[in-house]
Amino acid sequence: MSEPSSASNFIREIVAADHAAGKHGGRVVTRFPPEPNGYIHIGHAKSICLNFGLANGTLGGACHLRFDDTNPTTEDPEYVQAIQEDVRWLGFDWQGKMFFASDYFAQLHEFAVRLIQKGLAYVDTLTADEMRTYRGTLTEPGKNSPSRNRSLDDNLDLFRRMKAGEFADGTHTLRAKIDMASPNINLRDPVLYRIRHVPHYRTGSAWCLYPSYDYAHPLSDALEGITHSICTLEFEDHRPLYEWVVEQADAPHQPQQIEFARLNLTYTVMSKRKLLELVNKKLVTGWDDPRLPTIKGLRRRGYTPESIRAFCDHIGVAKREATVEMQLLEHFIREDLNKRAPRVMAVLRPLKVILDNYPEGQSEELEAINNPEDPAAGSRQVPFSRVLYIEQDDFREDPPKQFFRLAPGREVRLRYAYIIKCISMTKDPQTGEITALHCTYDPATMSGAAQAQRKVKATIHWVSADHGAKAEVRLYHPLLTTDLAKVPQDQDWTAYLNPTSLERITGCLVEPSLRHTTSGARHQFERLGYFCTDIDSTAEALVFNRIVPLKDAWAKIEKAQPSK
RNA sequence: UGGGGGAUCGUCUAGCGGUAGGACGCCGGCCUUUGGAGCCGGCUACCUAGGUUCGAUUCCUAGUCCCCCAGCCA
């Protein structure tokens, strides 16, 4: 597995230069600041790898995990728990540096009082609608609120009463006094505190006013001694506000905000709002639905943390908007699993094969290599007998050009076993569907035997009918039928959900060694792909998720062929 | 037509005045008891127009296009 390349990027360069110059006292402290209002996804993984990577690469560096829990109406401890699990599962350790913005509520409040005393904040009684009107537009300056020149004492008193719970939600806000005419709308007296008579999952009912992101975030960073506060592009024009807050509140330390482009992936959704919608509307089975790009989803699907880290290391960090092709993610899980996943044989869509010249009632154990990429993985025994199942796709009654597999009169090798020849087939008289193949096997061609050198064009996988275990296999296809960036905002994006994103195949047959597989185990089903035993799987009812198919040269050839 | 950002192969990304490189993808070939893996070769890019310079993807000027901002969300 390719280890973190620590490929350079503009942020790494800035941090390295600062570190070398002894800025921030030579320290490098970053943070991953999720809001606990949803599960994290691979876009967050990019940020996690960046932030932890930056800190880990520096002597004495640290990366904090900080929950940005300033909005109790949407946040939930379930998410706090899940996010911790996911960060840990990805392979990162915050070394005890786990914090909550809510830890700072008292200090944040003190900073607010100071801002009021400095004449830099005021209590406003405008309603939300009025405030919007007063804010102006992108091209017109805003107007000062009538509350803007309240006396210092009035402000202090009103703010005290806000905190004491004397006012209803929405009636008062604390606003920064900056510039209602600023061309940067974020500087038009942004709201610092709003009233919410809602209990907070951590602070209970201690507070009925909660700080806004623009106020809490920079001060939380400052309080923790964050040196480089890395966030996504949409916060770029909040930076002047970020700096204003830290400066004017006389915070102990000035962190540096740096923005980068968030990750987008083709044919999937990467917005918390949309993911929540999928979960709430039960359009997916949950946050861990294997079709989702959530960490929990990827994990259940069978992705390894190593593959996700390798992916994040290779996509780079820059400021231009980018949408990475899903194939790149798939590349990294294939690369990882090719080296470590044991091979087994499984037939997804079984076609019965009867070896007419193989003695009835007889069976033998054949040796099969566990992983040709890893000699240490050893080998196992696979039972062989007269009646087998092969993949329906591996037989064609009327084979097209370049089809090397089984067809009437043709020969093929059974993996780790004999060469067989198709003699005849039986069909369902009603439907015409092929129900079984009659073949003969050549005993001299046992895999590895001296006379086994005869060349055949294909080797196919199989499972012995009497020995195989039944299984359900779940195949996953892209969540969306289009790139959402192309869908107009006012359109219902769920119309572009792929109706066949989940394909459940029952009646699959897997080799007996898989009977005792445990959930989370990953195997390569030879010639098919990499599969992960699902948590739904039991000894009686095996369930596998396809993580990613193997590259399929034949599928490409077939697709390129003129349809006959 | 306010402000803030961004434009390099199909997709990501490097470049920091000196032959535009890598990865994925795609196309060939070799090899193969997985049409997998591996190996070899090829493919295609500097938004436009001027300027500075011996030399510009890089610096300057003027355009063009794309993204973000008018939540008491983050």
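Quick note on labels: first sequence line is chain A, next is B, and so on, each numbered from 1. Everything numeric in this text was worked out from a predicted model, so none of it was measured.
- Within 6.0 Å of NZ on A/Lys457 lie no more than 12 heavy atoms contributed by other residues, nucleotides or ligands.
- Comparing B/U34, B/G5, B/U11 by their closest approach to the side chain of A/Leu550 singles out B/U34.
- Among the heavy atoms of the strands lying under 4.0 Å from A/Thr127 is at least one base atom, whether or not backbone atoms are also near.
- Interface remark: the A/Arg343 side chain does form a donor-acceptor pair with the B/U34 base, using a distance-only criterion of under 3.5 Å.
- Applying the side-chain contact (heavy atoms from CB on, under 4.5 Å) test between A/Leu192 and each of A/Phe111, A/Tyr215, A/Phe159 identifies A/Tyr215 as the sole match.
- Within the structure, no pair that satisfies the salt bridge (charged side-chain N to carboxylate O under 4.0 Å, His left out) test touches residues 33-44 of chain A, not counting sequence neighbours.
- For the P atoms, the distance linking B/G29 with B/C67 amounts to 42 Å, nearest Å.
- Between the side chain of A/Gln524 and the base of B/U34 there is at least one donor-acceptor pair of N/O atoms closer than 3.5 Å.
- Close to B/A37, at under 4.0 Å from its OP1 or OP2, lies no side-chain N or O of A/Lys339.
- An OP1 or OP2 oxygen of B/A74 is reached within less than 4.0 angstrom by a side-chain nitrogen or oxygen of A/Thr70.
- Other residues, nucleotides and ligands contribute at most 12 non-hydrogen atoms within 6.0 Å of the NZ atom of A/Lys421.
- Of the residues near RNA chain B, A/Met131 and A/Arg415, the one whose nearest nucleotide (by heavy atom distance) lies more toward the 5' end is A/Arg415.
- Close to B/C66, at under 4.0 Å from its OP1 or OP2, lies no side-chain N or O of A/Arg320.
- Within 3.5 Å, a donor on the side chain of A/Asp237 pairs with an acceptor on the base of B/G3, or the reverse.
- When the C1' atom is used for both B/G5 and B/A45, the distance is 23 Å, rounded to whole Å.
- When the P atom of B/C69 is taken as reference, atom CZ of A/Arg188 falls 15 Å away, rounded to whole Å.
- Taking 4.0 angstrom as the limit, A/Lys556 places a side-chain polar atom (N or O) nearer than this to OP1 or OP2 of B/C26.
- For A/Arg413 against B/U33, a side-chain N or O and a base N or O form a donor-acceptor pair under 3.5 Å.
- Out of B/C72, B/C27, B/G36, the shortest distance to the side chain of A/Ala553 is found at B/G36.
- Residue A/Met446 contributes atom CE, which lies 15 Å from atom P of B/U33 at whole-angstrom precision.
- Taking atom C1' on both B/C12 and B/C54, the two are 36 Å apart, rounded to the nearest angstrom.
- The nearest heavy atom of RNA chain B to A/Ile557 and to A/His331 marks one nucleotide each, and the one closer to the 5' end goes with A/His331.
- Spacing of P atoms, B/U52 relative to B/U61, comes out at 15 Å, to the nearest Å.
- For A/Thr173, the listed nucleotide lying nearest its side chain is B/C72; candidates were B/U33, B/C72, B/A74.
- No donor-acceptor contact under 3.5 Å links the side chain of A/Glu526 to the base of B/G36.
- A donor-acceptor contact under 3.5 Å is formed by the side chain of A/Arg405 with the base of B/G35.
- The base of B/G36 sits with one of its N or O atoms less than 3.5 Å from a complementary donor or acceptor on the side chain of A/Glu373.
- The phosphate of B/G4 has neither OP1 nor OP2 within less than 4.0 Å of any side-chain N or O from A/Arg239.
- B/A23 and B/C65 have their C1' atoms separated by 27 Å, with the value rounded to a whole Å.
- A/Arg135 has a side-chain polar atom (N or O) that falls below the 4.0 Å cut-off from OP1 or OP2 of B/C72.
- Only the C1' atoms considered, B/G22 is 15 Å distant from B/U44, to the nearest whole Å.
- The aromatic rings of A/Phe67 and A/Phe100 lie parallel to each other, with less than 30° between the two planes, well short of the 60° mark.
- Of the candidate nucleotides B/G2, B/A70, B/U34, B/G2 has the atom nearest to the side chain of A/Pro183.
- A side-chain donor-acceptor contact under 3.5 Å links A/Glu130 and A/Thr127.
- Judged by distance alone, with hydrogens and angles left aside, A/Glu13 brings a side-chain donor or acceptor within reach of the base of B/C16, the pair sitting under 3.5 Å.
- Of the candidates B/G4, B/A74, B/A70, the closest approach to any side-chain atom of A/Glu236 belongs to B/G4.
- Computed from coordinates, the A/Glu140 CD to B/A70 P distance equals 16 Å when rounded to whole Å.
- Aromatic ring orientation, A/His200 versus A/Phe105: perpendicular (interplanar angle above 60°, classes split at 30° and 60°).
- The glycosidic torsion of B/G42 lies more than 90° away from 0, which places this base in the anti conformation.
- With C1' as the reference atom, B/G15 and B/C46 are 11 Å apart, rounded to whole Å.
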Under the rule of Watson-Crick or G-U wobble with both distances under 3.5 Å, where | means paired to another strand and [ ] a crossing pair, RNA chain B maps to .((((((..((((....[..))))((((((.......))))))...(((((..]....))))))))))).....
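- Summarising the geometry, atom CG belonging to A/Asn37 is positioned 6.0 Å from atom CD belonging to A/Glu75; distances are rounded to the nearest 0.5 Å.
- Nucleotides B/A37 and B/C43 have their P atoms positioned 23 Å apart, rounded to a whole Å.
- Shown for residues 31-39 of chain A: residues whose heavy atoms fall under 4.0 angstrom of RNA chain B, namely A/Glu35.
- Checking each of A/Tyr418, A/Tyr389, A/Tyr416, A/Phe384 against A/Trp462 for a ring pair (Phe, Tyr, Trp, His ring centres under 6.0 Å) leaves exactly one that passes, namely A/Phe384.
- The cationic group of A/Arg396 lies under 6.0 Å from the six-membered ring centre of A/Phe403 and within 45° of the ring axis, placing it in a cation-pi geometry.
- Listed nucleotides: B/A74, B/A7, B/G35. Nearest to the side chain of A/Asp68: B/A74.
- Counting atom types as modelled, A/Thr139 pairs no side-chain N or O with a base atom of B/U1 as donor and acceptor under 3.5 Å.
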